[in-house]
Amino acid sequence: MKAIVYREYGSPDVLKLEEVEVPTPKDNEVLVKVQAVSVNRSDWESLIGKPLYARMGGLLKPSHHILGSDIAGRVEAVGSNVRQFQPGDEVFGLLLEYAGGFAEYVCASEKALALKPAGMTFEEAATIPQAGVIALEGIREKGQVQAGQKVLINGAGGGAGTFAIQLAKLYGAEVTGVDNAGKLDFMRSLGADHVVDYTREDFTKNGKQYDLILDVIAHRSVFAYQRALAPNGSCFFVGGSVATLFQILLLGPWIGRTTGKKVRLLVVPSSPKDMISITELYEAGKVVPVIDRRYPLSEVPEALRYLGEGHAKGKVVITVE
Ligand SMILES: NC(=O)c1ccc[n+]([C@@H]2O[C@H](COP(=O)([O-])OP(=O)(O)OC[C@H]3O[C@@H](n4cnc5c(N)ncnc54)[C@H](OP(=O)(O)O)[C@@H]3O)[C@@H](O)[C@H]2O)c1
């Protein structure tokens, strides 16, 4: 099969289109013929090897050679213990541990997959596993947003952010989206009531406070977030600098005890429950995946460059012919 392979950390130039063996599913795995796979910041981070946590699988060289974690496709074959799926089923899912989705076929644990609704395209389904789930957890499941609350989403013009704006509006919040100047109108078009250009204004220094902050790209001191939170407010961090993430782990519990403000990391759950919730909201016409660009498999390097250079508005999707 064709796959986009990398054997060292670096720019998109280290990615090569190669012929490799079709993987064989283990007993609990499903072999999926990939139809679409979305590009995530986590792919970019694993490509360049930064922040440091992106090298968890291999400090000097990547241990897994094919990126791409959010896939949608058709079941080609199943392992002997697989009960939920059979060949021909249309599925989508999150392959965070080994990825492998920038390829014509990939193996996935049965537990990582869900059936794709018939009315949703493969491309739309591939946008959901990380971005939709981060947004659902941050806004509804952990964030427990209430009507009338003030919600700020940092990095709101990207993959998770575009789902998060829609969800926060759906549940009645007043939403502030933070991203670069080129994405301000875009965030407004998704429903953001207020927008902030992060290159001109620091939302933690303008005296405003929020009941809920969802930060997909955190790099400030934990005390800056504490300042920007209203009494009893909550802040959830999904990704960002190692220094900030470390501070949150170390100081978050203490801030909670002394101020009543929650400052926590948000980890994407591995079960497909949230992915299914997003498809239900999609079918009810309440959430729409926002696809900025589509690329063929051979152009994964260009797709990653587009995202990494900060141009993507919403999701970038690879369509695998
Ligand atoms: N915790 C977990 O379990 C888990 C699991 C998977 C992924 N993750 C993390 O979740 C995050 C998901 O992000 P995503 O897929 O939504 O990324 P994305 O599509 O790249 O969106 C991030 C957005 O943030 C903007 N941005 C960059 N620097 C910023 C700054 N200083 N202030 C405000 N906005 C800024 C980017 O715009 P520019 O164009 O200006 O760069 C982009 O629009 C990633 O950090 C990933 O590592 C966490």
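When a ligand or atom number is given, it counts from 1 through the structure's own listing order. Because the structure is a prediction, the values reported are computed rather than measured.
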J.: Measure from atom 36 (C) of ligand 1 to every heavy atom in Asp197, Leu265, Val267, Asp179 and give the option owning the shortest one.
T.: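 The nearest heavy atom belongs to Asp179.
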
J.: Below 4.0 Å, non-hydrogen atoms only: which portion of Lys315 touches ligand 1? Side chain, backbone, both or neither.
T.: neither

J.: Does only the side chain of Asn180 get under 4.0 Å from ligand 1, or the backbone, or both, or neither? Count heavy atoms.
T.: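 For Asn180, only side-chain atoms sit under 4.0 Å from ligand 1.
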
J.: Could you list the residues that satisfy side chain to side chain donor-acceptor pair (under 3.5 Å) with Asp215, not counting sequence neighbours?
T.: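 Expected list: Asn154, Tyr225.
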
J.: Is the closest heavy-atom distance from Ala131 to ligand 1 below 4.0 Å?
T.: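 Distance cut 4.0 Å: Ala131 fails for ligand 1.
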
J.: Please classify the Lys313 to ligand 1 contact at 4.0 Å (heavy-atom distances, strictly less than): side chain, backbone, both or neither.
T.: neither

J.: Can you tell which of Leu94, Val216, Asn40 gets a heavy atom nearest to atom 45 (O) of ligand 1?
T.: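 Checking each option, the heavy atom nearest atom 45 (O) of ligand 1 is found in Val216.
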
J.: Filter on ring pair (Phe, Tyr, Trp, His ring centres under 6.0 Å), then keep only pairs touching residues 186-217, sequence neighbours left out; what's left?
T.: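 Sorted result for residues 186-217: empty, none.
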
J.: With a 4.0 Å heavy-atom cut-off (strictly under), which part of Ile217 contacts ligand 1: side chain, backbone, both or neither?
T.: side chain

J.: Indicate yes or no: does Arg305 engage Asp13 in a salt bridge with an N to O separation below 4.0 Å.
T.: yes

J.: How about OH on Tyr53, more than 12 heavy atoms from neighbouring residues, nucleotides or ligands closer than 6.0 Å, or not?
T.: yes

J.: So is Gly239 polar-close to ligand 1, meaning N/O to N/O under 3.5 Å?
T.: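 N/O-N/O distance under 3.5 Å: no.
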
J.: So that I can tick it off, tell me whether Glu18 and Arg7 are bridged by a salt bridge, with the cut-off set at under 4.0 angstrom between side-chain N and carboxylate O.
T.: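 Between Glu18 and Arg7 there is a salt bridge, with a charged N closer than 4.0 Å to a carboxylate O.
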
J.: Show me which atoms of ligand 1 lie under 4.0 Å from any heavy atom of Gly159.
T.: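 Near Gly159, the atoms of ligand 1 are 16 (O), 18 (P), 19 (O), 21 (O).
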
J.: Strictly below 4.0 Å, N to O, side chains only: are Glu76 and Lys33 in salt-bridge contact?
T.: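 Here Glu76 does not pair with Lys33 in a salt bridge, since their nearest N and O are not under 4.0 Å apart.
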
J.: Give a yes or no on whether a salt bridge exists between Asp202 and Arg220, defined as a side-chain N under 4.0 angstrom from a carboxylate O.
T.: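 Salt bridge flag = yes for Arg220 with Asp202.
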
